[in-house]
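Bear in mind the structure is a predicted one, so any value in this text is a computation, not a measurement.
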Amino acid sequence: MPVGSPKRRRSADGTAAPPTKRKVQSTTTQAAVVNFFKPASKKEPERTTWKVVDDTLLVGTYFNRASPNKAKPAVPDEKRRVSGFDLDSTLITTESGNVFAKTATDWKWWNLCVPDALRKLHDAGYLIVIFTNQAALKQPKKESANLTKFKLKVAAVLDSLDIPLTVYAATANDRYRKPRVGMWEEMVDDYDLDAHGVDLDASYLIGDAAGRDGDHSDSDRHWAANVGIGFRTPEEFFLGEMPKPMVHRFDPLKYIKSEPQAPGFTKSSKQEIVLFVGPPGAGKSTFYRRNLEPLGFERINQDTLKTKDKCLKVAEALLEDGKNVTVDNTNADVATRAAWISLAKKHKIPVRCVHFIAPTDLCQHNDAVRAFGGELVNPEKRTLLPKIAFTSFTSRFAEPRIDEGFQDMTKVEFQWEGGDSELQIWRKYWI
């Protein structure tokens with residue numbers, strides 16, 4: 001039922017939404033701002049406390065006036081129901097109409113029904129938690145103007161609600177950023193939910209990044225899927241609107257295929273160089289470990305050796321020792337490949353090309369899986385690559401040709417390979 005009807009509606013959890021036909025009220029809370037700048041001796045007790053986890057995750061916890069403690073299960077063994085919310089464009093929006101708030105007081109409720117709906121959820125026993133990506137804060141351990149503004153705004157929002165609530169704000173492109181589930185894992189630890197348990201079937205996330213036409217992202221919907229809880233948009237949850245079509249910006253499941261893999265790579269000569277060509281995250285290193293390492297090929301990798309000259313020097317020493325060499329770099333342009341072709345000619349051995357084909361989104365997904373998925377999928381403990389690593393490859397890339405001097409060429413289109421444990425990690429949404 002749209003806003004403006006005097007009748008009450010009920011959400012999926014059974015709680016009644018408040019009447020929506022009411023006078024618009026200002027939600028700008030000046031008291032929190034004034035209190036922030038008062039001398040310490042005259043300040044009221046802060047009800048929102050802040051901490052920073054792993055230098056990037058900002059956590060704000062509000063203790064309300066009536067019950068200055070986190071809500072606990074009524075029964076010791078009762079599983080908790082978590083009602084999670086994104087912040088911007090879900091619970092609040094800007095008073096000014098700007099995309100981003102200019103000041104700490106530039107906010108209002110996304111809809112007038114929001115605060116009462118959250119209070120009813122709290123009364124019904126839900127644990128209310130806000131999970132928000134806030135890349136603009138960058139370094140939350142340093143009190144920047146943006147950080148101060150954000151803290152003041154959030155404190156005002158929470159003070160207006162006055163229910164026990166925790167805000168998790170991911171400020172970096174790391175394991176805490178949605179759709180990665182680091183914020184959820186931190187919440188489980190903070191509330192001892194590993195002991196009490198979470199009722200996943202009754203828990204959910206409400207967010208605006210749903211993959212609808214016009215949405216900036218699908219990270220909220222994917223985050224809920226990764227956690228294993230339900231998902232709804234603010235329009236569906238607060239206003240009772242019907243769901244709109246959603247699309248995946250990137251879905252790893254399309255790369256899980258049932259047909260058998262092509263036969264493995266085989267040697268063609270007693271000694272040779274195999275040159276990889278392809279973007280970061282296209283599966284080159286995995287292909288090496290599964291196909292070339294068992295054949296006795298030594299691996300040359302610039303991430304390890306740091307410079308192209310060092311790579312060439314080490315490769316030459318290996319060739320002089322009679323070894324076979326795999327060049328596991330991106331080798332995007334003709335000039336880079338020419339140096340390796342020249343080295344092969346010098347030693348009078350063939351050089352073969354393996355061209356890895358994968359779209360950029362897939363490569364970024366693979367890179368994030370490797371960086372944040374744990375040791376099982378990251379035996380080399382590699383860190384997340386900067387975005388420029390992918391854009392640089394694209395700008396320099398020239399498709400390899402046989403007439404550059406290759407004996408033969410093999411094209412490898414990415415297809416997931418791995419065991420069930422690895423698959424459970426890889427199939428999640430990471431970007």
Could you walk me through whether Tyr168 and Val53 pass side chain to side chain contact (heavy atoms under 4.5 Å, CB included), step by step?
-> CA-CA 10 Å; Tyr168 294 89; Val53 179; over 6 Å; no

Are Thr330 and Gln302 close enough, and set up right, to give a side chain to side chain contact (heavy atoms under 4.5 Å, CB included), and what steps lead you there?
-> CA-CA 9 Å; Thr330 60; Gln302 194 163 320; over 6 Å; no

Carefully, step by step, assess Trp109 and Ser160 under the rule side chain to side chain contact (heavy atoms under 4.5 Å, CB included).
-> CA-CA 10 Å; Trp109 294 113; Ser160 178; 3.7 Å; yes

Given Val59 and Thr166, is the side chain to side chain contact (heavy atoms under 4.5 Å, CB included) satisfied, shown in steps?
-> CA-CA 7 Å; Val59 183; Thr166 300; 3.7 Å; yes

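To the nearest 0.5 angstrom, Phe85 atom CZ is 13.5 Å from Ile92 atom CD1. Atom NZ in Lys142 sits 12.0 Å away from atom CG in Leu147 (nearest 0.5 Å). To the nearest 0.5 Å, atoms NZ (Lys151) and CD (Glu46) are separated by 10.0 Å. With values rounded to the nearest 0.5 angstrom, Leu127 atom CG is found 5.0 Å from Arg80 atom CZ. Remark: Thr360 OG1 to Lys387 NZ distance equals 10.0 Å, nearest 0.5 Å. The CG atom of Leu193 lies 11.5 Å from the NZ atom of Lys79; values are rounded to the nearest 0.5 Å.
The ring of His365 has its center no closer than 6.0 angstrom to the ring center of Tyr255. Taking the six-membered ring for Trp and the full ring otherwise, Phe297 and Tyr288 have centroids separated by 6.0 Å or more.
Contact check for Val314 versus Leu305: side-chain heavy atoms found under the 4.5 Å cut-off. Using a 4.5 Å heavy-atom threshold, the side chains of Val277 and Cys353 count as touching. Side-chain contact check for Arg249 versus Ile431: some heavy-atom pair is nearer than 4.5 Å. Arg175 is listed as a side-chain neighbour of Asp54, based on a closest heavy-atom distance under 4.5 Å.
Looking at Lys244 and Glu235, no side-chain N of the basic residue comes within less than 4.0 Å of a carboxylate O on the acidic one, giving no salt bridge. Contact check on Asp215 versus Arg212 returns a salt bridge, with a Lys/Arg side-chain nitrogen under 4.0 Å from an Asp/Glu carboxylate oxygen. Under the 4.0 Å criterion applied to side-chain N and carboxylate O atoms, Asp123 and Lys120 are not assigned as salt-bridge partners. For Arg289 and Asp328, the salt-bridge test fails: no basic side-chain N is under 4.0 Å from an acidic carboxylate O. With salt bridges taken as basic N to acidic carboxylate O contacts below 4.0 Å, one links Arg299 and Glu380. Using a cut-off of 4.0 Å between Lys/Arg side-chain N and Asp/Glu carboxylate O, Glu399 and Lys411 are scored as salt-bridged.
Not a single donor-acceptor pair under 3.5 Å links the side chain of Arg119 to the backbone N or O of Asp162. The closest donor-acceptor contact from the side chain of Arg382 to the backbone of Asp303 lies at 3.5 Å or more, if one exists at all. For Gln424 (side chain) and Ser421 (main-chain N/O), no donor-acceptor pair under 3.5 Å exists by modelled atom type. Although no hydrogens or angles enter the test, the distance criterion places a donor-acceptor pair under 3.5 Å between the side chain of Ser395 and the main chain of Ser392. Proximity of a side-chain donor or acceptor of Thr394 to a complementary backbone N or O of Phe390 within less than 3.5 Å is detected.
Open room surrounds NZ on Lys313; 12 or fewer heavy atoms of other groups in view lie less than 6.0 Å from it. Counting heavy-atom neighbours within 6.0 Å of Asp213 CG, excluding the residue itself, gives a total of 12 or less. Taking a 6.0 Å sphere around CD of Glu413, one finds it holds 12 or fewer heavy atoms contributed by other residues, nucleotides or ligands.
The closest side-chain donor-acceptor pair between Tyr204 and Ser83 falls under 3.5 angstrom. In the model, Asp88 has a side-chain atom that pairs as donor or acceptor with a side-chain atom of Gln134 under 3.5 Å. Judged by distance alone, the side chains of Trp426 and Asn366 do bring a donor and an acceptor atom under 3.5 Å apart. No hydrogens or angles considered: nothing links the side chains of Arg337 and Asn329 as a donor-acceptor pair under 3.5 Å. A donor atom on one side chain and an acceptor atom on the other are found under 3.5 Å apart for Asp333 and Thr336.
Nearest heavy-atom pair across Phe414 and Ala358 is CB-CB, 4.1 Å.
Seen from the ring of Tyr62, Arg47 does not count as a face-on cation partner, given the 6.0 Å and 45° thresholds.
Lys178 pairs with exactly one of Asp220, Asp208, Asp218 by the salt bridge (charged side-chain N to carboxylate O under 4.0 Å, His left out) rule, that one being Asp220.
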